[in-house]
Amino acid sequence: MKNNKFIITALLLPLACLFLSFWSCSSSPQPSLQPEKEASPATPTPEQKEQAASKKPSDESATTSSLEKETTASAEAISSTENKSGRSQDEKQAKEDATAASLQEDTPVKDPATCLELAWQAYQDAQTAWDKGDLDTALLALDEAYSLLLKADLPPDSPLIQDKNDLRLLISRRIQEIYASRISAVIDNHRSIPLEENKYVLAEIKNFQTKERKYFEAAYRRSGRYRHLILEELRREGLPEQLSWLPLIESGFKVNAYSRARALGLWQFISSTGYRFGLKRDRWVDERMDFIKSTRAAVQYLKELHSFFGDWTTALAAYNCGEFRVQKVIQAQRINYLDNFWDLYIMLPRETARFVPRFIATLLIINNPEKYGFNLPQPDPPLEFEVIEINKPVKLSTLAKNIGVASKTLEELNPELRHKSTPDQPYSLRVPPGYGQKVLAVLDNVSRWIPPEATYVIHYVRRGETLSTIARRYRTSISAIARLNRLRSVHLIRPGQRLKIPSRVRYTARRAASMNLIKEGEKLVYIVQRGDSLYRIASAFNTSVARIKQMNNLKSNILRVGQKLIIQQGLPEGARVYVVQRGDTPYKIAQKFGMSLELLLKLNGLSRRSKIYPGQKLYVQSNN
C-alpha cells in the first residue's frame with residue numbers, strides 16, 4: 001500500500017510542478033523588463049531531482065519532451081521580446097529626431113545673411129524640381145524661399161539689400177512661369193517658328209515687294225553689322241536662330257531708331273522694359289542703343305515670353321505690345337489656353353496684329369528671295385572691335401582725331417553714348433582692332449569734356465497751338481523743339497501733348513518783355529497784368545508761389561489787375577551792393593563780377609532796355 005502511495009505521489013508531483021511553472025510564466029510581467037532573468041530556466045530542487053530519478057522510463061521520456069517544448073517556447077518568447085524591444089527603441093529615436101527637427105524649424109533664424117542663404121537654397125531646390133517637371137514641389141520650395149526672405153530684416157544701408165531684391169525678383173518670375181505653364185498649351189516649336197503662308201502673311205509680302213522694298217533691302221544690308229552678335233546670344237540660350245531677323249521689322253537694324261511709342265534702339269525697348277532687363281539710362285548713356293547689351297536683354301525677354309505663352313507666334317505678339325495685353329485678350333475668350341495664334345490675331349491692336357505676319361513674311365523672303373522677286377544686296381561686314389577701360393570724360397571726335405580714325409567709327413561702335421562723349425566714370429570703350437594701346441597712350445593729352453546741363457521747360461500743348469506759336473512764345477526755333485522731342489512731323493501735335501522746350505536759362509520760362517520789376521527801396525515789386533497767375537509770375541522770376549504768397553500775406557491764389565506783388569525783399573542771399581560808376585553798363589558790371597547779364601538784371605529788376613546812371617546802387621554776386 002505504501003509502495004502504491006509512493007508511486008502515485010511520484011507521478012503527481014512532477015505534473016504539479018509543470019503546471020505551477022506554466023502558470024507563473026503566463027502571469028509574470030512583460031519579459032522586456034528583465035529578459036535575461038526570465039530566459040534562464042528555473043533550478044530544480046533536490047526533491048525534484050530525487051522524484052525525477054525515481055520515475056519510470058516512459059515518464060522520463062514524457063517529462064523530457066515537455067521540458068523541450070517549454071525551452072522552445074521560452075526561446076521564441078525571448079526572440080519576440082527582443083524584436084519588440086528593438087522596434088520600440090527605433091520608434092523612440094525617430095520621435096526624438098522629429099521633435100528636434102520641429103524645434104529647429106520653430107526656432108526663428110535671426111541672422112539676415114543666414115536667412116538669405118537658406119532662401120537661395122530653397123530657390124535652387126525649386127529650380128531642380130521645375131527642371132524635373134514637379135511643379136507642386138517647386139511651388140512649395142518657392143513658398144519656403146519667400147517666407148525666409150521675409151524673415152531677413154535688413155537695415156536700409158545693408159549691402160545685402162540688392163541681393164534680397166534680386167532673389168525676390170527671381171522667385172516672383174519663377175512663380176509666374178509655373179502658373180503660366182499650367183494655363184498655356186505648349187506647342188512643340190521651341191526650336192523653330194512655324195512659317196504659315198496665309199492671307200495675312202501674303203499681304204505683308206506684297207508690301208515688302210512694293211512700297212517698302214527700299215526699306216527692306218536697306219535693313220537687310222545693315223543686318224550684317226550686328227547679326228553675328230545676335231546669333232551668338234541666341235545659340236547660347238538655345239532659341240531659334242530665326243529670331244535674329246526680328247530687328248529688321250522692329251528698327252530696320254538701326255541702333256538709334258526711335259518710335260512714337262518712345263521705344264528706342266535695335267530691339268525697340270521702352271524705358272520701363274529696358275530697366276526691367278538691366279538696361280541703364282542716365283545723363284551719359286542709354287543702353288537701349290547698345291547693340292550688345294540690348295541684344296542680351298531682348299533674348300532674355302523673348303525667352304521669358306515663350307515660357308509664359310508656350311508658342312513663338314504669341315510670344316512675338318507679346319513682345320510688340322506687352323504680355324499683359326495679350327494675356328488679357330486670351331482671358332477675354334473665356335478659355336485658359338490658346339490653340340492657334342491666328343484665332344487671336346483679329347482681336348489684337350492693328351500694329352501688333354501686323355507684327356507677326358510681317359516677321360513671317362520677312363523669314364519667307366530671306367529663305368527664298370528668288371521666289372518672291374528679290375535680289376537681296378550683300379550685307380555689310382560685321383563690326384569688329386576691342387574693348388578698353390577708361391575713366392575720363394572725353395569727346396569722341398577729339399579722341400578719334402588724336403588716334404587717326406574717323407569720329408563716325410567710334411560713334412558707331414559706342415552708340416549708347418548720348419552726347420558722343422565718354423562718361424565721368426569707369427567706362428568700357430569699344431575701339432577698332434589694334435587701337436586700344438594708342439587710345440591709352442594719348443588719353444592723358446586729350447582734354448576733359450563734360451556736356452552742358454540740358455535745360456528745357458515742359459509745355460503741354462493747348463487747343464489751337466502750333467509749333468510756330470510755341471517757338472515764338474519761348475524764343476526758340478521749330479527745328480530745336482522738333483529735334484529735342486524727336487518729332488517726325490512739325491505739323492502734327494495734339495492738345496495735351498507733353499513737349500520739351502529748349503531754354504538757355506535756368507528758370508522755368510523766359511518772361512515776356514512786359515513782365516518787369518520795379519525797385520522800391522530794397523524791394524522788387526511786380527504789377528499784376530491781365531492774364532497773369534501766381535504760377536506764371538513765380539516761374540518768370542525764378543521763385544515759388546508759396547514764397548510770393550508769404551511775402552504778400554495772400555490767403556488765396558486770386559489776383560487783380562494792377563495789384564503790387566513783392567517779389568524780392570532785402571539784400572538777396574550771397575549778394576552785395578555795388579555803386580554804378582561813370583561809363584558802366586550792365587554788361588560791363590556783369591563781366592566785372594563774373595556773373596551772367598541775365599542774373600544781374602534779375603537781381604535788380606531790370607530789363608535789357610533799362611538804363612542805369614552813376615551813383616545808382618545795384619545788387620551783384622561775385623563768382624570770383
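Note that the coordinates shown come from a computational prediction; the quantities given were computed from them, not determined experimentally. Every heavy atom of this structure was used, including side-chain atoms; hydrogens, water molecules and symmetry mates were not.
Atom NZ of Lys164 is surrounded by more than 12 heavy atoms from other residues, nucleotides or ligands within 6.0 Å. A 6.0 Å sphere centred on NZ of Lys293 holds no more than 12 heavy atoms belonging to other residues, nucleotides or ligands. Dense packing is recorded around OH of Tyr372, with more than 12 heavy atoms of other residues, nucleotides or ligands lying under 6.0 Å away. Under a cut-off of 6.0 angstrom, the local environment of CG in Asp166 is crowded, with over 12 non-hydrogen atoms contributed by other residues, nucleotides or ligands.
Legend: salt bridge (charged side-chain N to carboxylate O under 4.0 Å, His left out) pairs involving residues 382-394, not counting sequence neighbours: none detected. The stretch residues 214-232 participates, sequence neighbours left out, in these salt bridge (charged side-chain N to carboxylate O under 4.0 Å, His left out) pairs: Arg213-Glu217, Arg225-Asp380, Glu232-Arg236. Among pairs with a residue in residues 200-211, those fulfilling salt bridge (charged side-chain N to carboxylate O under 4.0 Å, His left out) read Glu204-Arg354, Glu204-Arg358, at least two apart in sequence or across chains.
Using a distance-only test at 3.5 Å, with no hydrogens or angles considered, a donor-acceptor pair links the side chain of Asn198 to the main chain of Val201. A donor-acceptor contact shorter than 3.5 Å links the side chain of Ser251 to the backbone of Leu266. In this structure, the side chain of Thr128 engages the main chain of Gln124 through a donor-acceptor pair within 3.5 Å. The main-chain N or O of Leu302 is never found under 3.5 Å from a side-chain atom of Tyr319 such that the two would form a donor-acceptor pair. Gln497 contributes a side-chain N or O that, together with a main-chain N or O of Arg494, makes up a donor-acceptor pair within less than 3.5 Å. One N or O on the side chain of Gln242 and one on the backbone of Ile193 form a donor-acceptor pair closer than 3.5 Å. Judged by distance alone, the side chain of Glu287 and the main-chain N or O of Ser294 form no donor-acceptor pair under 3.5 Å. No donor-acceptor distance shorter than 3.5 angstrom exists from the side chain of Glu416 to the backbone of Met289, with no hydrogens or angles considered.
Atom NE2 of residue His491 and atom CG of residue Leu467 lie 9.0 Å apart, to the nearest 0.5 angstrom. Atom CD1 of residue Ile249 and atom OG1 of residue Thr362 lie 5.0 Å apart, to the nearest 0.5 angstrom. Taking CG from Leu170 and CD from Gln127, the interatomic distance works out to 9.5 Å, rounded to the nearest 0.5 Å. Atom CD1 of Ile365 is separated from atom CG of Leu376 by 8.0 Å, given to the nearest 0.5 angstrom. Between the CD atom of Glu212 and the CD1 atom of Ile205 there is a distance of 12.5 Å, given to the nearest 0.5 Å. Note that the CD1 atom of Ile470 and the CD1 atom of Ile478 stand 9.5 Å from one another [nearest 0.5 Å].
Side-chain contact of Thr314 with Asp311: a donor-acceptor pair under 3.5 Å is present, judged by distance alone. The closest side-chain donor-acceptor pair between Thr398 and Trp449, if any, does not fall under 3.5 angstrom. A donor and an acceptor atom, one from each side chain of Glu323 and Tyr301, are located under 3.5 Å apart.
Taking the side chain as every heavy atom from C-beta outward, Pro247 and Ile230 approach each other to under 4.5 Å. Counting only heavy atoms from C-beta outward, the side chains of Gln209 and Phe374 approach each other to under 4.5 Å. Ile270 places none of its side-chain heavy atoms less than 4.5 Å from the side chain of Leu264. Counting heavy atoms from C-beta on, the side chains of Leu154 and Pro112 come closer than 4.5 Å. For the pair Val461/Leu499, a side-chain contact is recorded, criterion being any heavy-atom separation below 4.5 Å from C-beta on. You'll find the side chain of Asp125 stays beyond 4.5 Å of the side chain of Thr137, heavy atoms only. In this structure, Phe355 and Leu246 have side chains that are in contact, with non-hydrogen atoms separated by less than 4.5 Å. Using a 4.5 Å cut-off on side-chain heavy atoms (C-beta onward), Glu237 and Arg296 make no contact.
Tested against Trp245, the residues Phe216, Tyr220, Phe359, Tyr226 include a single ring pair (Phe, Tyr, Trp, His ring centres under 6.0 Å) partner, Tyr220.
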Quick one: side chains of residues 430-440, donor-acceptor pairs under 3.5 Å with protein atoms, not counting sequence neighbours, listed by atom name and distance.
unit_1	atom_1	unit_2	atom_2	d
Arg430	NH1	Leu413	O	2.8
Arg430	NH2	Asp290	OD1	2.8
Arg430	NH2	Asp290	OD2	3.0

Show the atom names and distances, to 0.1 Å, of all donor-acceptor pairs under 3.5 Å that link a side chain in residues 140-150 to residues at least two apart or in another chain.
unit_1	atom_1	unit_2	atom_2	d
Ser147	OG	Asp143	O	3.4
Ser147	OG	Glu144	O	2.7

Evaluate the side-chain contact (heavy atoms from CB on, under 4.5 Å) criterion for residues Arg288 and Ser271: first the C-alpha distance (whole Å), next the side-chain angles of each, then the deciding distance (0.1 Å), finally the verdict. CA-CA 8 Å; Arg288 293 180 293 171; Ser271 56; 4.1 Å; yes
Might you work through the side-chain contact (heavy atoms from CB on, under 4.5 Å) test for Arg448 and Val394, ending with a clear yes or no? CA-CA 5 Å; Arg448 291 169 56 91; Val394 295; 5.9 Å; no
Chi angles and distances behind the side-chain contact (heavy atoms from CB on, under 4.5 Å) call for Leu443, Ile390: CA-CA 9 Å; Leu443 196 59; Ile390 65 172; 3.8 Å; yes
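Nearest heavy-atom pair across Gln268 and Ser259 is OE1-CB, 3.4 Å. Nearest heavy-atom pair, Lys500 versus Ile458, reported as atom, atom and distance to 0.1 Å: CG-CD1, 3.9 Å. Nearest approach of Asp282 to Gln425, heavy atoms of both residues: OD2-NE2, 4.2 Å. Contact detail for Val255 and Phe291: the closest heavy-atom pair is CG1-CB, 4.2 Å. Minimum interatomic distance between Phe253 and Ala219 (heavy atoms only, all atoms of both residues): CD1-O, 3.5 Å. Taking all atoms of both residues into account, the shortest heavy-atom contact from Leu234 to Ser244 is CD1-N, 3.5 Å.
Between His459 and Tyr474, the ring planes are perpendicular. Angles over 60° get that label, and only those under 30° would be called parallel.
When the side chain to side chain contact (heavy atoms under 4.5 Å, CB included) test is applied to Glu117, the partners found at least two apart in sequence or on another chain are Gln121.
Lys280 has no carboxylate O lying under 4.0 Å from a charged side-chain N of Asp286, or vice versa, which leaves the two without a salt bridge.
Taking the centre of each ring, Trp312 and His306 come in below the 6.0 Å mark.
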